[in-house]
Amino acid sequence: MPITSHVAQALCAALEYAPERAGEVAQALTAPPSPALGDFAFPCFALAKQLRMAPPKIAAECAARVRPDALIARAVAAGPYVNIFLERAEATRRVLGAIAADPLRWGSRNEGGGQVVVLDFSAPNIAKPFHFGHLRSTNIGADLARIFSFMGYRVVRKNYLGDWGTQFGFVIYAWQKWGDTAELQARAIDYLVELYVRAYRESEADPAVREQARHLFLRLEQGDPQIAALWQQFRELSLAGFMQTYERLGIAFDSYEGEAAVNHLVDTVIGRFVKAGVAEESQGALVVQVSAVLGREIAPLMLRKSDGASTYAARDCAEAIDRWERYGFSANIYVVSRQEDHFAQLFAALTRLAAAEQWDSHWPATCENVSFGYVRGMSTRKGEAVWLEDVLDEARDRARRVREEKSAANPRAFPVLSEAELAYVSESVGQAALLYFDVSSRRLSDVSFDWDTVLQFEGNTGPYLQYSHARMCGIFRRAAAEGLGDFDVRAVVACLADEEWALVLALRAFPAAVAAACAGREPHEVARYLYELASAFNAFYNKHTVIDRADPATSHARLALVRAAQVTLGNGLKLLGIRPLETM
RNA sequence: GCGCCUGUAGCUCAACGGACAGAGCACCGGCCUUCUAAGCCGGGGGUUGCAGGUUCGAUUCCUGCCAGGCGCGCCA
């Protein structure tokens, strides 16, 4: 039985509650502000009214009635709180036992039971730069995908590429005017972006360019074979460029089908909206009114423009319906920033269609938009973006320099690495800095791009977590060298010191942190947790020596504790797409 | 004008409605002949934008202001 439930039941008994109320008591349990006060705290405020007694008095009486057992050492009243102290050794045995039982699954739950969650993220626009801002959707989405998967959901990773729209008119316009085949072969996506930016700039000075681009896109929509061939070629080149970045980051999608792939469904879906009486004509365009559904004044969702062309919103509708038919998801999550109104309109329009056509499933209610803060300090349209690949390169190079400096200052502490190992470590550390930076604040807060902040390697950073992991691994290497390689992973220090106990408590909190991250669609929860875990480990590491030849029993027990910490940190880092390193 | 989001230490950010609002960076002072000092320990630093309300208790929930960001039918 989980420790929290055990404590809750003991409190239930003390309060003369029915055992069924243990869940509600467990919900009320918190951690005291200081570990010296206890391991669990039960606030008595809520009881004051029904018992007509002052909270401190309730706490005192309750504490006196809590019966110590194998797990509970004692209960102490502190003002209005009942503070519970655990038997450290017994609690540690349980925590280490749970971790050792299935290390790779430690922290996971089967909450999802195989239900499908569709995660739509990254979704870069073809022929536009893949800049640092795209890292947010890509990273948050990839993290959520791993977290949902860890929680027992079947995850469909969907990269709904922006591969259709007037921007292609710009690229094709530029290609026809300045296009150079040799350049295209040599520089691929970089060159395409350059062309797009050049055409876009020209259109700012000359509106006629925009008209030409629009016209070229219209020809593409009408199936002009020459234009379609160009589109096909540009799409493939762009995707190949994106794929390099995804592979570098270790991210793969189940589908790379973009807007173009749903084009053939759009007319049918629009027809359904019309037939169901949900769509109406307005100012020459075809729209769906959604103000009534949303309970506020909001512009309608436009399905067709006055010139007859379908909109991206119509494609989104068609795509969502197609998505449901294919996957039968229990949740459909769009990791997209700054489109709250669009998604509100989209889900509302689908809700109206569902009602009008009397669908069996109310799946539009399971659609949600996971938004995130804006990355300041960059512009995309004018081509002043900071390219993600450049940031990754700079991060990697800086990681390498830092290691060189540190190893030069303290050669004995750093193992000699081969060139391949050094390259791997540098790349991994650089990525860790970037990826962790992205989840070091809650997703909705805006972040400003700043090289020195983003590429920080000390303090609350990704490299700090990797460093902690590498330290743990260093201990195991040393243990093997000392002939202590085969230790019992469930061994427990007889009388745990405060730092050891703090580490155990941190380990215990891992599953709850992952669950909270999943429920709140907030990878930051995992990041925050891992920093606390690493801090607890480093405090322990600096205070205590794990390997002591004179004391093999303590060495075994501490090795078991470090193993549990390494498993937990490793699992957590993997959820964030950060590589746990064995050496740095 | 309407909508969404955000205001917390000099900077970047935390804090299930709970005890004294915490970290990192920067600054100051300590700790490497022993498992990686990308680390650890300590110090200074705050009217949580403002004013009300709900509550035993509000950084957290509600209302109104103030400030900032983003969006608001023919771009996607």
Side-chain angles (χ1 to χ4, degrees), chain A residues 27-34 37 41 43 45-46 48-49 54-55 78-81 83 125 128 162 164-167 210 214 259 282-285 287 294 296-307 309 311-313 315-316 337-342 344-345 371-374 376 399 402-403 405-407 409-410 412-415 429 437 440-442 444-448 450 452-453 456-461 463-464 466-468 470-479 481-482 512 516 524 528 531-532 534-535 538-548 558 562 583-584:
Chain A
Q27 205 68 35
L29 283 175
T30 63
S34 151
L37 288 170
F45 304 104
K49 201 169 279 178
Y81 293 90
N83 289 338
N125 285 328
K128 278 193 184 176
W164 205 246
T166 314
Q167 84 242 26
R210 184 170 196 88
R214 210 191 294 268
E259 297 180 58
S282 168
Q283 297 171 29
V287 301
L294 295 174
R296 63 183 169 99
E297 279 295 314
I298 187 166
L301 183 89
M302 186 184 296
L303 294 173
R304 239 186 241 295
K305 303 181 226 173
S306 53
D307 67 3
T311 62
Y312 78 110
R315 289 193 284 277
D316 277 2
S337 172
R338 296 155 67 193
Q339 309 257 351
E340 289 84 354
D341 278 357
H342 167 64
Q345 291 164 332
S371 188
F372 50 88
Y374 178 61
R376 289 187 298 257
V402 167
R403 188 182 193 280
E405 284 162 18
K406 291 188 184 301
S407 59
N410 190 6
R412 284 199 305 150
F414 286 81
V429 170
F437 169 77
S440 63
S441 53
R442 289 169 303 165
L444 279 174
S445 60
D446 289 353
V447 295
S448 19
D450 171 68
D452 289 332
T453 309
Q456 178 81 38
F457 294 156
E458 290 169 15
N460 187 357
T461 66
Y464 170 80
Q466 288 177 312
Y467 182 73
S468 307
R471 269 185 154 176
M472 296 170 187
C473 293
I475 293 171
F476 301 132
R477 281 193 295 273
R478 174 65 182 269
E482 295 283 337
H524 164 71
R528 185 162 65 91
Y531 179 69
E532 276 172 24
S535 297
N538 283 313
F540 157 77
Y541 179 90
N542 272 272
K543 188 81 180 277
H544 304 282
T545 304
V546 174
I547 294 162
D548 180 359
R558 287 193 174 147
V562 175
T583 185
M584 277 175 75

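The figures here come from the full heavy-atom set of this structure, side chains too, leaving out hydrogens, waters and symmetry mates. Just so we're on the same page: letters track the sequence lines, and every chain starts at 1. Values in this document were obtained by computation on a predicted structure and should not be read as measured data.
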Nearest 0.5 Å, what's the [atom1]-[atom2] distance between [X] and [Y]?
X: Gln339(A); Y: Asp316(A); atom1: CD; atom2: CG; answer: 8.5 Å
X: Asn460(A); Y: Glu532(A); atom1: CG; atom2: CD; answer: 9.5 Å
X: Met584(A); Y: Gln466(A); atom1: CE; atom2: CD; answer: 5.5 Å

**Report entry** nucleotides 6-17 of chain B: protein proximity per nucleotide (B base, S sugar-phosphate only, - neither; heavy atom, under 4.0 Å)
**Finding:** -S-----SSSB-
Query raised in the report: Along nucleotides 35-50 of chain B, 5' to 3', which nucleotides get a B, which get an S, and which get a -, given that the test is a protein heavy-atom distance under 4.0 Å?
Result: BBSBBSS---------
Using a 4.0 Å heavy-atom cut-off across all strands, classify [X] as base, sugar-phosphate, or nothing.
X: Gln466(A); result: nothing
X: Glu259(A); result: sugar-phosphate
X: Gly79(A); result: nothing
X: Pro55(A); result: nothing

Report task. Please tell me which of Thr311(A) and Ala41(A) maps to the more 5' nucleotide of RNA chain B, matching each residue to the nucleotide holding its nearest heavy atom. Result -> Ala41(A)
Can you tell me, in whole Å, how much space there is between the [atom1] of [N] and that of [M]?
N: rG30(B); M: rG68(B); atom1: P; value: 45 Å
N: rC41(B); M: rC32(B); atom1: C1'; value: 14 Å
N: rU8(B); M: rA21(B); atom1: C1'; value: 8 Å
N: rG17(B); M: rG7(B); atom1: P; value: 15 Å
N: rG42(B); M: rC50(B); atom1: C1'; value: 37 Å
N: rA15(B); M: rA58(B); atom1: C1'; value: 13 Å
N: rC16(B); M: rG73(B); atom1: C1'; value: 42 Å
N: rA26(B); M: rU12(B); atom1: C1'; value: 11 Å

Only counting residues at least two apart or in another chain, list the ones meeting ring-ring contact (aromatic ring centres under 6.0 Å, His included) with [X].
X: His342(A); value: Tyr312(A)
X: Phe414(A); value: none
X: Phe540(A); value: His544(A)

In whole angstroms, how far is the [atom2] atom of [N] from the [atom1] atom of [X]?
X: Arg338(A); N: rG71(B); atom1: CZ; atom2: P; result: 5 Å
X: Gln339(A); N: rG71(B); atom1: CD; atom2: C1'; result: 9 Å
X: His342(A); N: rC70(B); atom1: NE2; atom2: C1'; result: 16 Å
X: Trp164(A); N: rC75(B); atom1: CH2; atom2: C1'; result: 16 Å
X: Phe372(A); N: rC70(B); atom1: CZ; atom2: C1'; result: 12 Å
X: Gln345(A); N: rG71(B); atom1: CD; atom2: P; result: 15 Å
X: Gln456(A); N: rA26(B); atom1: CD; atom2: C1'; result: 10 Å
X: Leu294(A); N: rG3(B); atom1: CG; atom2: C1'; result: 11 Å

Requested in this report: Taking atom CD of Gln27(A) as the centre, report whether more than 12 heavy atoms of other residues, nucleotides or ligands fall under 6.0 Å from it.
Outcome: no
**Report entry** Salt-bridge present (Arg296(A), Asp341(A); N to O < 4.0 Å)
**Finding:** yes
Query raised in the report: What form does the base of rC32(B) take, syn (within 90° of 0) or anti?
Result: syn
Query raised in the report: Which label fits rG45(B), syn or anti, where anti is any glycosidic angle not within 90° of 0?
Result: anti
Query raised in the report: So, for Tyr464(A) and Tyr531(A), is the gap between ring centers shorter than 6.0 Å?
Result: yes
Could you tell me whether the side chain of [Y] reaches within less than 4.5 Å of the side chain of [X], counting heavy atoms only?
X: Ile547(A); Y: Arg558(A); value: no
X: Arg471(A); Y: Asn538(A); value: yes
X: Tyr374(A); Y: Arg338(A); value: yes
X: Val546(A); Y: Tyr541(A); value: no

What's the closest nucleotide to the side chain of [X] if the choices are [options]?
X: Tyr374(A); options: rG69(B), rA76(B), rC74(B); result: rG69(B)
X: Ala299(A); options: rC72(B), rC74(B), rU33(B); result: rC72(B)
X: Asp341(A); options: rA19(B), rA76(B), rG3(B); result: rG3(B)

**Report entry** Base rA76(B) to side chain Asp316(A), donor-acceptor N/O within 3.5 Å cut-off
**Finding:** no
Query raised in the report: Any donor-acceptor pair under 3.5 Å joining the side chain of Thr166(A) to the base of rC75(B)?
Result: no
Query raised in the report: Without hydrogens or angle criteria, can the side chains of Thr461(A) and Gln456(A) be said to hold a donor-acceptor pair below 3.5 Å?
Result: no
Query raised in the report: Name the stems that RNA chain B belongs to, where each is three or more consecutive Watson-Crick or G-U pairs with both distances under 3.5 Å?
Result: B:1-7 with B:66-72, B:10-13 with B:22-25, B:27-31 with B:39-43, B:49-53 with B:61-65
